[in-house]
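Quick notes on the structure that follows.
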Amino acid sequence: MLVADLHIHSRYSRATARDMGPEALWRHAQLKGVDLLGTGDFTHPAWWAELAEKLVETGDGAYQLRPDLAAALGESLPPSCRRPPRFLPSAEISSIYKRHGQTRKVHSLILMPTLQDAARLNQRLDKLGNIKSDGRPILGLDARDLLELCLEVCPEVIFIPAHIWTPWFSVFGSKSGFDALEEAFDDLTCHIKALETGLSSDPPMNWRLSALDGYTLVSNSDAHSPAKLAREANLLDCPATFHDLARALSLGAAGGFLGTIEFFPDEGKYHLDGHRKCGLCLGPDETRAYGGRCPVCGGPITVGVLSRVAELADRPEGYRPPAAAHFESLAPLDEVVAEVLGQGPATKAVGAAVDGLRRRLGPELTILRQTPLEELARAGGPVLAEAIDRLRAGKVVLQGGFDGQFGVVRLFSPAERQRLAGQKALLDLAPVTGRGRGRKAAARPVDSRQPAAPAAAPTAVDQGLDEFQRRAMDYDGGHLIVRAGPGAGKTRLLTARAARLVAGGGDASRLLLVTFTRKAAEELGQRLATLGLEAARTHTFHGLGLEILTDHLGRRPAIVADQRREEILSQAAKAVDLPPGQVDWAISRLKQRLDQRPEPTLAPAWLAYEQALAAEGLLDLDDLPRQAALALAQDGALAGRWSGKFDHILVDEYQDANPVQVALLRRLAAGGALVAAIGDPDQAIYGFRGAERALFADFGRDFAGARSFDLRRNYRSSGRIVAAATALMAAEAGREAYAPQAVNPAGPLVECFEAADPQAEAIWLAQRVVELLGGLDSRQVEAGAGARSQGFSAGDIAVLYRLHAQAEPIAQALARVGAPTQVAATAHLAELDPLDLRAQRVKLLSMHAAKGLEFPVVFVVGLEEGLLPYQPPGKDAADPDEERRLLYVAMTRARQRLFLSRCCWRMLFGESRRPGRSPFWADLPGELLVAHKSKARRRARQLVLF
DNA sequence: GCGGAGTAGCTTTTT
DNA sequence: GCTACTCCGC
């Protein structure tokens, strides 16, 4: 018979013993009596490398410690315990994600046949999240998607939902789990053969759910230190190989799965209900009587495993399915000896006694399970024999664990213990009460869920546009321009107008929608396709230019490659003795206009650049719309073909237009097409690349007879966020009043923090993220983050900054707390794994990149002098009005929660600065803000959470 | 043609 | 403070 412990952690996981290395595992497995051991943590690159170095294949589908290492260590083992264990690559992954509108936190145990298979999984996981900073990585990946990925990498994978009943991190957990396996794993549920019951539940509890009948119930230690190995384990009657294990888990008894060694579930940290902070421990009935609220403080009671099992059970207590496997409830030998000696389990005396017992009797599990009582008495005295006899018979006194506090197993009554302390002789033992289980289970579910995130904004759904949107949608009297503030339903209006035009008899193929980015064009195209408008033309300005030029030239123009362009630029720059970057910028700016002649200082470079391109028959990207507009002006036949091509032209983000683009639109509309432009001059943030915000106001001049519409309703953000953003814009000197109206309720205040330095800002931010997510690991949960959970997922959160240089410390702090994070600038969408797009992560991106996006929670960091408005060293300051609009864009990305922060000290460009607050800070009304304080008290808690 | 020293310049971004 | 580039010497 084999003893198998498949779920452990290495020293690369949080809060684990430093000696959790292959050698210590090898040694302690033998001291405990484990034959087959999961390596744990194979996802961690350093641990994987160590395993690859120190383990060797046995040849029949398992691993063993390298013989030379084993030989060197063998001496340190008592001969009675020498039975070298085998290893199988294992790991645990924490999936934290939102599913069906709720935050889910599910841990999964994964076993792979070989380290090479593990490496291939690691390769895939590495793209999806951070597997380098924690042996038990946290991914924003749906548990089902994780299973899919594992199966893709290795169809033989053993995938086991871990400690399925723990409240915070398991598939059935009361706080963030599911009610059924199928809810979590959908179509892939059939690939799950085994479930890990965890310390706080034992087989009889699980037998109460008929839904679990087909699964092999396994038990493992989840050990964080060598001493905890095999505190729970599996008993197998099969060879110690991966495939035999897989077969045993799949077939149960028929495959050689004999049963499990268990903790008394009462001893688990989450067996009963309760509230640790208030010292309150409750049974299911009591929790129900209190309505799930702590009677001391009113906070939510942490519903334990016993209650949760009762909630989902469909069978009475005590039911035993016919196919149920054997199990044995034990307590660790050091705890037994500790009680016999009347000392703590970690004391020297207990250690020495356990050591002596192992020497004489063999591994701890053998002592606990098999050694005859007479032998125990001879080796350890009659009291020890009596203790173990009681343990084997289940005659123990239990005090249940709750809300993160371990329970206690006692083998002797208080009176007995007192007498034990005084004498060494055999005791006159009074009968002890039976096992402390059998509490009445709660008959009705206790609703312990977090309050749902505030209801989604009442967007203008159904066909239902509001009256203002509808007027703009329906207008047929000529050109029109729509000023649409943040969250006003801009895209909705665009697509609705397109649909209306076609529904009214228009020809979809004579409809043109123009955007600035390919991403926007693709998204718009997709939305139109869902409305049955595939025939409508969706283009970027550049794509449109390319098509017109192709028509004009009779061939597709060649576009200069980046590298060649740089060469040409640096050549051209030599003609004027300017840095190439500056020449690049100046030429590009010139090409945003049709009429501009280069200044004399630039002229030679401009000439050289244009001649070089012309000589090779190349165009640059700026040429596409520009040359197209010029060609339409010069080539009458071309103009004839294109000016009559469309009946309607819809343009998004018009505030970002430049004169070339407007000229192009005018030529396309010359045949009578109606132009509908939509945008928001308050969100014009691309002046630096040639956009001219004034063109928005000049629309009526460029497109005669145009009518203006105004969409002021904000369907996105809470009232206070809208009010703060509006106040920011209202403070701009010489500005006309323009007040968007929030449709949503006021919501919480805008939360502000002034940090000593970027590190402190990042730590504060990471701390808030932990709270928003309700804790990412058990330490954070137990430090209180669970109770403050806000029901957000990592994908709901964005961090916005002025300079990418600000991202680094924040990404690091988020990695330290284990939050799945994605720094937007580093990822090219096209190269991503399809699963990558599904991974839910905190997004770090520039304020510019955030335009057009929205997030339930937004952090805007670095609201400092010098950063906002940006003051580049040794250069002209950025346009303060545009920088104000940039902050406006950033703030208005937030739906529910907005956090603003700044640093009092910062190192930027090698220069130590003590910046004051951004001048924009003062424009935010104090009554909308609440300051977060940085206090020593808070620091103490941070230490716990980090 | 290479390497070492010295120094300038550092955003935001799309096609 | 970092790097990427130029310039100069061999």
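The sequence lines fix the lettering, A, B, ..., with proteins before strands; numbering per chain opens at 1. Computed over heavy atoms, backbone and side chain alike; hydrogens, waters and symmetry mates excluded.
A salt bridge is defined here as a Lys NZ or Arg NE, NH1 or NH2 lying under 4.0 Å from an Asp or Glu carboxylate O, and A:Glu864 with A:Arg906 meets this definition. In summary, A:Glu854 and A:Arg895 engage in a salt bridge, as defined by a charged side-chain N under 4.0 Å from a carboxylate O. Electrostatic pairing of A:Arg802 and A:Glu883 counts as a salt bridge here, judged by a charged N lying under 4.0 Å from a carboxylate O. Salt-bridge check for A:Arg564 with A:Glu616: passed, with a basic side-chain N closer than 4.0 Å to an acidic carboxylate O. In this structure, A:Arg483 pairs ionically with A:Asp682, as a charged nitrogen and a carboxylate oxygen lie closer than 4.0 Å.
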When you compare the protein's N or O atoms with those of nucleotides 9-14 of chain B, which come within less than 3.5 Å of each other, and at what distance?
unit_1 : atom_1 : unit_2   : atom_2 : d
B:dT11 : O2     : A:Arg802 : NH1    : 3.3
B:dT11 : O2     : A:Arg802 : NH2    : 2.7
B:dT12 : OP1    : A:His804 : N      : 3.0
B:dT12 : O4'    : A:Arg802 : NH1    : 3.1
B:dT12 : O3'    : A:Ser846 : OG     : 3.3
B:dT12 : O2     : A:Arg802 : NH2    : 3.3
B:dT12 : O2     : A:His848 : NE2    : 3.4
B:dT13 : OP1    : A:Ser846 : OG     : 2.4
B:dT13 : OP2    : A:His804 : NE2    : 3.1

Tabulate atom names and distances for all N/O pairs under 3.5 angstrom spanning the protein and nucleotides 3-8 of chain B.
none

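For A:Phe753 and A:Phe899, the ring centers sit 6.0 Å or farther from each other.
Ring orientation note: the planes of A:Tyr801 and A:His804 are nearly perpendicular, at an angle over 60° on the 30°/60° scale.
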Side chain to side chain contact (heavy atoms under 4.5 Å, CB included) assessment of A:Trp764 paired with A:Phe859: CA-CA 11 Å; A:Trp764 166 81; A:Phe859 290 86; 4.0 Å; yes
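A:Asp584 has its CG atom 16 Å from the P atom of B:dT15, to the nearest Å.
To the nearest whole angstrom, the two P atoms, one in B:dT11 and one in C:dA4, are 11 Å apart.
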